[in-house]
**Student:** 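Sharing a structure below in structure tokens format, with a few things to ask.
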2 protein chains.
Amino acid sequence: MLSLHQLRCFLATYEHGSLTAAAEELGYAQPSVSEQIRGLEQTLGVQLFRRVGRGVIPTTVADTLRPHAEQTLAAAEDTRLAAQQVRRIETGTIRFGMFGVARLYAGADLVADVLERHPGVRVELIGQNSSEVHEDLRRGRLEAAMIAMPGVTSEGMEVRPVARDEVVYASADPTHLERPMTVRRLAEASLVMPETTWRTDDSVRTLLRQALQGTGLSLQTRIEVEDPEIAVELMGRGYGDTVLPKGAAEVLLPRLAPHAGFVSLRPRLYDYFAVVHRAGARLSPAAELMIELATARIQRIAEPV
Amino acid sequence: MLSLHQLRCFLATYEHGSLTAAAEELGYAQPSVSEQIRGLEQTLGVQLFRRVGRGVIPTTVADTLRPHAEQTLAAAEDTRLAAQQVRRIETGTIRFGMFGVARLYAGADLVADVLERHPGVRVELIGQNSSEVHEDLRRGRLEAAMIAMPGVTSEGMEVRPVARDEVVYASADPTHLERPMTVRRLAEASLVMPETTWRTDDSVRTLLRQALQGTGLSLQTRIEVEDPEIAVELMGRGYGDTVLPKGAAEVLLPRLAPHAGFVSLRPRLYDYFAVVHRAGARLSPAAELMIELATARIQRIAEPV
DNA sequence: TGAAAGCACAGGCATATCCTTGAGATGGCG
DNA sequence: CGCCATCTCAAGGATATGCCTGTGCTTTCA
């Protein structure tokens, strides 16, 4: 079987015209190199050197094969170098999970931060939804992610909260915003809510469910949509009120519902941002980097914990 | 240390997304492949797959390294294929030794014969002079050759005569050609002879020396030149007579000395063509081919022995 | 919740690799 | 012609490699 070691011995011998010199360069004993050459000649079925008592002389076959051997070794070296570059985050792809609202807060800045420090890398920010990110983590498609809590959590995940964001009540009707919104009145409100598909996993909905738990009340959602942007726009047009993290409200309301406003809930509810990855996993340098940068970005917008 | 085997296991695993499937394809047990992957990860210092209980998932590092691994294996395969092609004389270089006059007789036809049967090869016909060819053989730079005999012969060479060519006396003066040239009259002739540099090794001169040995006579060379062509041309212009193999005379006289002719010597002298290579050497297919074709060509012109 | 799939780990065996040493052959060189 | 350099070959041993079997853990799926 052809081996890189054989090719290395071959080239060293070719260049020095001597097994002894080749062995010296490679740090082996001369019979070892001799054996490698013989093995190579046998696997290829050709004679590479003519043994002429003193020294060896490359045959024309050796002349022909030398460029191929060099290219093979160069390709192997390239493989090694590529791995080193990836290791030092000079190149390669960094894939990181981030659910919708977190991406909205910090996505562009996070990518900019990464490229600032590591101009050669590719960046993939994965995940429309926290629950999807979670699934990718569980299946191993993602190494680490920034998710919203509370939400789906399964065994074997390590979750580290890094910031919290108050959940607020937003409305286009100023009379709805005269005082903080209580849970009791919330249950009577006519709401337009996003994340329809993920309604059972969505962190805001989970928070509201928990707050309503034991009161016998439940949420009235008049309109269900997927995108927070659409929910906010509908709220702005007066089709209903909505509940969303304060950070999202500050970003979306001026743009999509300029006449609307928001108030706190009573009791206050908090959406948490957390770093999550498989429990017991040793994180790659790239993942550590992403966690560090994403945490820094999130903590500029939301309150660190 | 990076190995081709590791890369093969890596690619098989990457493509199947499973160590078990890769092992099956490669014909190994699953732990063997697992070990190879682990070894590769260790030598490269990166994680290639995420182990997720059931199955393995390639990391982005694996995505990045896969093309490099493929190229390395392709280069190795290329090396192997190049060797196979050389082995079957489909490509590569055939180097063969042939001294001046033999090349003159059969050189172009011999190369044409080779290229007819093996269109992909390169051909090198080496050697201005029999003695130089001999040195190349001894040093291993040449595998085999067609030489003139008698000439220099050292120990350790296997010499097989394949044809003989009568040595003739050529002159532009018809009175010199009225009867066969005796050795005695030869010693009195005014000669123009080629192969000045190699005069002690040249086979025609060696033959003449042997013929004159014991007579007390010696050769008179009026003019010494290197090329047989120049010697013949000078002879044609009447500056002296010359001695050369009959085959060479038949080729050169019509072209360079149209009014000259030649006669036999008495006793007749014969120049021998011989195949020669290092004793005990196993010849490559390419060398066998050259010997076969060169012999056939020479035997068409000179008398087989 | 049990069965099946898939991987890691451990133990063990066979072989390969690489080393050393020493003897023998061969060719170059003074 | 003898010495030196260099290669081959052989023997022997230490170590590494490659591979297998068996086992246990985790995850998936019915």
**Student:** Measure from CD on B:Glu41 to C1' on C:dC7 and round the result to the nearest Å.
**Tutor:** 13 Å
**Student:** For nucleotides 24-30 of chain D, read 5' to 3', which letter fits each nucleotide if B means a protein heavy atom sits under 4.0 Å from the base, S means only the sugar-phosphate is that close, and - means neither?
**Tutor:** ---BB--
**Student:** Between C:dA16 atom P and A:Gln6 atom CD, what is the distance in whole Å?
**Tutor:** 13 Å
**Student:** Report yes if a side-chain nitrogen or oxygen of B:Arg51 is closer than 4.0 Å to either non-bridging phosphate oxygen (OP1 or OP2) of C:dA8; otherwise report no.
**Tutor:** yes
**Student:** Tell me if a side-chain donor or acceptor on B:Arg50 pairs with a main-chain N or O of B:Ile57 at a distance below 3.5 Å.
**Tutor:** no
**Student:** Can you tell me how far C1' of C:dT15 sits from CE of A:Met1, to the nearest Å?
**Tutor:** 15 Å
**Student:** Looking at residues at least two apart in the chain, or sitting in another chain, which of them share a side chain to side chain donor-acceptor pair (under 3.5 Å) with A:Arg160?
**Tutor:** none
**Student:** Tell me whether the OP1 or OP2 atom of C:dA16 has a side-chain N or O from B:His5 closer than 4.0 Å.
**Tutor:** no
**Student:** If I take atom CD1 in residue B:Ile37 and atom P in nucleotide D:dC19, what distance separates them, rounded to the nearest angstrom?
**Tutor:** 12 Å
**Student:** Would you be so kind as to tabulate the donor-acceptor pairs closer than 3.5 Å made by side chains of residues 10-18 of chain A, with sequence neighbours excluded?
**Tutor:**
from	atom 1	to	atom 2	distance (Å)
A:Thr13	OG1	A:Cys9	O	2.7
A:Tyr14	OH	A:Asp63	OD1	2.4
A:His16	ND1	A:Ala12	O	2.9
A:His16	ND1	A:Glu25	OE1	3.4
A:His16	NE2	A:Glu25	OE1	3.2
A:Ser18	OG	A:Thr20	N	3.2
A:Ser18	OG	A:Ala21	N	3.0

**Student:** Would you indicate what A:Gln36 reaches in the nucleic acid, counting non-hydrogen atoms under 4.0 angstrom: base, sugar-phosphate, or nothing?
**Tutor:** sugar-phosphate
**Student:** Which whole-number value in Å describes the distance from A:Glu35 CD to D:dA11 P?
**Tutor:** 14 Å
**Student:** Please walk me through it: do A:Thr72 and B:Asp78 pass side chain to side chain contact (heavy atoms under 4.5 Å, CB included)?
**Tutor:** CA-CA 8 Å; A:Thr72 305; B:Asp78 264 4; over 6 Å; no
**Student:** Tell me: CD of A:Gln42 to C1' of C:dA16, nearest whole Å?
**Tutor:** 14 Å
**Student:** Using a heavy-atom distance cut-off of less than 4.0 Å, which residues of residues 18-32 of chain B contact DNA chain C?
**Tutor:** B:Ser18, B:Leu19, B:Thr20, B:Gln30, B:Pro31
**Student:** Tell me which donor-acceptor pairs under 3.5 Å the side chains of residues 64-71 of chain B have, and how far apart each pair is, sequence neighbours excluded?
**Tutor:**
from	atom 1	to	atom 2	distance (Å)
B:Thr64	OG1	B:Thr60	O	3.0
B:His68	ND1	B:Thr64	O	3.4

**Student:** So, for B:His5 and B:Tyr28, is the gap between ring centers shorter than 6.0 Å?
**Tutor:** yes
**Student:** So what does A:Arg38 hit on the nucleic acid, given a heavy-atom distance under 4.0 Å: a base, only sugar-phosphate, or nothing?
**Tutor:** sugar-phosphate
**Student:** Between A:Leu283, A:Val121, A:Ile94, which is the residue that forms a side-chain contact (heavy atoms from CB on, under 4.5 Å) with A:Leu289?
**Tutor:** A:Ile94
**Student:** I need the CZ-P distance between B:Arg141 and C:dG28, as an integer number of Å.
**Tutor:** 10 Å
**Student:** Rounded to the nearest Å, what distance is computed from the CD atom of residue A:Gln47 to the P atom of nucleotide D:dT8?
**Tutor:** 11 Å
**Student:** Would you say that A:Leu137 contacts A:Met157 through its side chain, given a criterion of any heavy-atom pair below 4.5 Å between the two side chains?
**Tutor:** yes
**Student:** If you pin A:Ser34 and B:Cys9 to their nearest nucleotides in DNA chain D, which one's is more 5'?
**Tutor:** A:Ser34
**Student:** Identify, with sequence neighbours excluded, every residue that meets side chain to side chain contact (heavy atoms under 4.5 Å, CB included) alongside B:Glu124.
**Tutor:** B:Thr93, B:Arg95, B:Arg122, B:Ile126
